[in-house]
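Only heavy atoms go into these numbers, but all of them, side chains included; no hydrogens, no water, no symmetry mates. Residue numbers begin at 1 in each chain, while the letters A, B, ... track the order of the sequences.
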Amino acid sequence: MVSLGPLAFLTPWALAALIALPAIWWLLRLTPPIPNKVVFPPIQLLFGLISKNETASKTPWWLLLLRLLIAALIIFAAARPLLHAETELGSDGPVLIVIDNGWAAAERWDVRRDIAVSIADRAARADRQIVILPTAAPSDGGAIAVQSLGAEGARDVLSKLLPQPWPSDRGDATTALTKWAESFNGLADIRWLSDGIDDAGADVLGERLKSLGRLTIYGSNELQTMVVRPPEITPAGLELTVERARADAVNIPFEVRGLDGKGRVQAVVSGQFEQGARTVDLVLDAPSEILNRIDRVQIGNAMHAGAVVLLDQRWRRRAVGIVDVDGAAEVQPLLSKSYYISRALEKTAGVTIASFNDLLATPLSVLIAPDGFAPTANEIERLQSWISEGGVVVRFAGPALARQSAEGNSSDTLLPVELRSGNRVIGGAMSWSQPMRLAPFPASSPFAGLTPPVDARVRRQVLAQPTPHLAEKTWAALEDGTPLVTADKRGRGWVVLIHTAPTTVWSDLPISGIFVEMMQRLSALGQGVAIKSDASPLTPEMTLDAFGRLGAPPAGAQPILASAIDDQRVSQQNPPGIYGNADIRRAFNLTALLPTLEPLPLPDGAVVGSYEKPTERELTAWLYMLALGLFLIDMVVGLWVRTGARATSAVTGLLMVGFVASMGWGGPVKADEKFALENSIETRLAFVQTGDTRIDQVSELGLTGLTVMLARRTAAELGAPQAVELGRDELAFFPMIYWPVTPGLELDDVARLAVVEYLRNGGTILFDTQERGGTAQASAMRELAADLSLPPLVPVSSDHVLTRAFYLLEEFPGRFAGGTLWVERAGERVNDGVSPVMAGSSDWASAWALDENYRPIFPVVPGGERQREMAFRFGINLVMHVLTGNYKADQVHMPAIIKRLGQ
Amino acid sequence: MNASRTYTHHDAEALAAGLPPLMVAAERVANTVSQGVHGRRRVGQGETFWQFRRYAPGDSMQQIDWRQSAKNDPVFIRETEWEAAQSVWLWRDGSPSMAYGSDAESTTKRDRADLLLMALASLLIRGGEHVALLGTGQNPGAGRHVLTRLWNEIESGQIVDAGLPGFEMLPRHGRLVMIGDFLSSEDQIRMAVNAFAHHGIRGHLVHLIDPAEETFPFEGRVQFEGPEDEGRTIIGNSSGIADEYRAVFQAHIESVQSISRAARWGYTRHRTDASPEAALMALYLALSDQGRGTRG
């Protein structure tokens, strides 16, 4: 490679062709240009003339120069020049590339990778061996290893290398390096692409590398790696600390955002480091409902795992747990004891309804125990300790508590006051008084400031023993002074008893608005307290990659014990992310136990490089383009010299248009555009390609027959049915998809997602298991339902819209009669009244299938052609219902609506 | 052929309206002889007194002039001069070489020839002459409809596209006007002219020249092509032979002029970049001179 100032030539011998330039000049000079053509009438006179001194007219000098320039450019381009070629690789040995690919390298990873690849390219050009050493443990669970590769392999490995979400382990890297260096003696050219963060083994690695040859460290002086530590909940909001490695780096203002599970920003705070400071404290201030929605806290646009903190229940304010006393009994919602309580609290707190043991495992601020909660001594003890640390227990009265107090069972010490036995019926048949209203709340109670409702009456309550301290413990009372809510402070927490039931049987309180406010105020009493959990292992549910994105856990991820999760450091076996299952979810954060960031010290004698995008550039392509451009200009000029201005302008215009069009050439229409075009122009029904040709053929014929019948009898003129391949084809064009369920159909993630999206956005799928009730298809259907998380289905009732959408029908036979059609429960989803999922087993496609002479193909059992007619009617009803939504449903009520309006 | 074919006979008339009606014999204007009727200098039917002649047996008795007969002894007959209308035949060169115009703005020779022809015909008609187009076989006619007929004949291409007119037997004392570029050989031109001249027809040549043919403004390497399939030639250094060419061209023009003089015909040279009014004026003067000059 010969270099000439900033230019370097890769094939310098091509420049020898420059000698030919004078010869080219001599040739161009002699060739006469093409003559002008002129029509000349007195040409006879010319024939007689002898032309003396006929000399070839000369080419104009500027045309000559232009052509010489073109030739020179082509010669230069053939010599493959490079602009700003990078510095030479030193010494003769292999090139050792050490890359820090821990979490800190994820910031601007593309630049690091490009530089590594360019080093590898240069080494390849100089025919040197390339040795690659990453310093973070790989994601598959193996150890750090040195790879010694040739040019192609190195390029491949480097371009596929990814940063890992755990810190880089330089000690292990040094071990691997030492092992490799045993078989190597000589000098290598070492390039260390570091991430700028110091750790325990960094200086040892640096010394070791220096002993192997000339070391160049690529530092990140201008990169500012910032991490955010896990926040704390305070009354002001979420307090967090942002830390950086270098105190003297540039102070750019940044933002810290709280994002919810879908990635939407819920809260933002901006901050800036002071000059010379390494940390800064910020507060994410937002209403508690919004803070409760935050699932992750992230620094601005930082793309590495250290800038992300995942939050779980521990950071949720006011997590409320309701003890599920109904148990396994399937109670109707309005009669369940926890219904009203959860409805009151669902907007402002995270409500969990679970059994007592499960509840205690999660951090709660308030535990609500409706009537029927009878704690054992053990449970009471656990609760006592929890209460004394700040938990709040709210208990409701009810028949069970009344019975308990009637029996005189005094082992239940989890009550703020002593109860009188039995209960009191106010306003019953045997009483003088009417059901009572609430009295205004005392100023010392947390309900102070609320106005008691005028229409909520309490009919039955449990009474408290009158004691001297009763008045202090009363937070709410009835009109006659009897306490309705009493509370007792135990340690830092409270035990609260509401003397009436949480259902509407004993009082109107649960259905009045004041109930919501009272519950909210009660839940504000508590603070989140973590209870010591047991040693169950939590498996990783989702993990962060080095760029801060949540995804599936890597192969080498191991479970963590729940009790040990706060003491564990992030490593190759335990990447950061969310661990646990639906009951217990814990966030495992990288920055929780990360040591303070220190900048990496540079070993003496090392050359410092910087992360700038490689500026080496090959000029070959540019020179060829320039030569082409000049050639076009030469053509245009020649044309102008010969024929005159008008023709040239036309040709120039044409050339320019051609040039521009060639750059914007889009190529033929892509396949999916064609698909979209075909399916947007007319409405079509679609069927899923199952892969079984026979079934697909029947589906197509069936839908074609249905389309024919629709065209004949209704206004719906649809196009030919379209086969769709799930996951590949866009489903949004089709109002209805017919899905013959086969056991063999595999759904990959893309297909599943596509189907779920289709259903969610208003599409309808008709699942057809196509048999009389065999088991193979039924299990396939069940698997599908689980896969796609289909909503629960109910059989079609006799007043469903499908029975009257076009024809009046009673049953929906297909090829087989007697099967049921299942649709989604009404009211589950607002989809204009159309159920997204319909399922049946009657094999409708075979009943609808017509051949090209419009004769049916398959026999229909047991009803014959009458049943086929019914099957067609069902099909027409179905398509009309899908296309028109709730129009058919509304129409039927029109007379009633009109009658009502008229009055 | 360039776009100046838009000349219509209206344009030609507009041009001709600038000049007074053409009187071939100027002294006839003063008389009451109707315009267009020219004395033929011989005895014939007419209105003007010509001579008295002795009565010979066979003459008509009405022609006897009694006064003269009474004065003298013999019987005299009064004879009048033969007056007949003048016929002018017009011809225009229709060969492909006439379609040449050296640059886009100037007219082609053909357009200029058509214009001059129509303007002349208009003047003649206004002066009462009889006009016809040579080669069509039509008798000369007078009146405005003749102009239209002439224009249609030119437009429809009834005249043969030849460089020189073929010989036609025309009545003696007719006039012939030939408008063209005369780019044929001298011998051919002489033959054509003399064929008419020997039959006593007086003619006038209008020689149209394109400025590029005269000045030869070409430079550099040029390939010349003849419009009538004469062939092509490449001249390497056009400016070198320009002087020679100009000399040859001048010689050709002079030869055409000498041919016409030898036949005692008129000759007008006109360059297409000059104004057509100048040509028309020259033509008018020439024709009226001729009418005055010649006898018999």
Side-chain angles (χ1 to χ4, degrees), chain A residues 23-68 70 631 633-654, chain B residues 1 93 95-104 108-110 163 180-186 188 208-210 212-253 255:
Chain A
I24 298 174
W25 172 77
W26 186 76
L27 256 179
L28 286 179
R29 191 175 143 273
L30 279 191
T31 320
I34 300 180
N36 282 340
K37 288 209 173 81
V38 168
V39 172
F40 196 63
I43 195 170
Q44 300 278 357
L45 304 175
L46 282 179
F47 284 151
L49 289 180
I50 309 165
S51 51
K52 322 189 266 242
N53 306 334
E54 165 140 13
T55 47
S57 99
K58 294 207 174 74
T59 330
W61 62 269
W62 41 268
L63 200 60
L64 206 56
L65 202 62
L66 187 67
R67 290 174 180 173
L68 278 180
I70 294 174
F631 186 66
I633 294 177
D634 173 59
M635 262 176 48
V636 168
V637 160
L639 215 66
W640 172 69
V641 161
R642 272 178 258 138
T643 56
R646 217 181 284 169
T648 12
S649 58
V651 174
T652 325
L654 225 92
Chain B
M1 182 69 139
D93 185 349
S95 60
S97 65
M98 291 287 283
Y100 175 73
S102 58
D103 62 74
T108 58
K109 289 186 277 186
R110 175 177 299 167
D181 61 0
F182 299 109
L183 284 178
S184 320
S185 71
E186 270 188 50
Q188 285 175 330
L208 288 180
I209 301 173
D210 192 278
E213 292 168 353
E214 191 165 5
T215 56
F216 201 74
F218 307 103
E219 274 180 7
R221 199 173 154 74
V222 183
Q223 179 188 26
F224 295 100
E225 199 175 329
E228 290 164 23
D229 294 328
E230 291 124 329
R232 54 180 77 153
T233 177
I234 298 183
I235 307 285
N237 193 4
S238 309
S239 38
I241 61 160
D243 295 327
E244 275 188 46
Y245 169 80
R246 286 186 205 119
V248 171
F249 191 71
Q250 284 300 322
H252 175 74
I253 293 179
S255 69

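- Of all the heavy atoms in Tyr245(B) and Pro42(A), the pair that sits closest is OH-CG, 3.2 Å.
- Annotation: side chain of Val248(B) is not in contact with side chain of Leu46(A) (no heavy-atom distance under 4.5 Å).
- Atom CZ of Phe40(A) and atom OG1 of Thr233(B) lie 12.0 Å apart (nearest 0.5 Å).
- Shown here for Gly226(B) and Ile43(A), the closest heavy-atom pair between the two residues is N-CD1, 3.4 Å.
- Among residues two or more places apart in sequence or in another chain, the side chain to side chain contact (heavy atoms under 4.5 Å, CB included) test is passed with Glu228(B) by Ser95(B), Pro96(B), Ser97(B), Glu230(B).
- For Phe182(B), the ring pair (Phe, Tyr, Trp, His ring centres under 6.0 Å) partners at least two apart in sequence or on another chain are His207(B).
- No more than 12 heavy atoms of other residues, nucleotides or ligands sit less than 6.0 Å from atom CZ of Phe631(A).
- For a residue to count as touching a neighbouring chain, one of its non-hydrogen atoms must lie under 4.5 Å from one of that chain's; by this rule Phe249(B) touches chain A with backbone and side chain alike.
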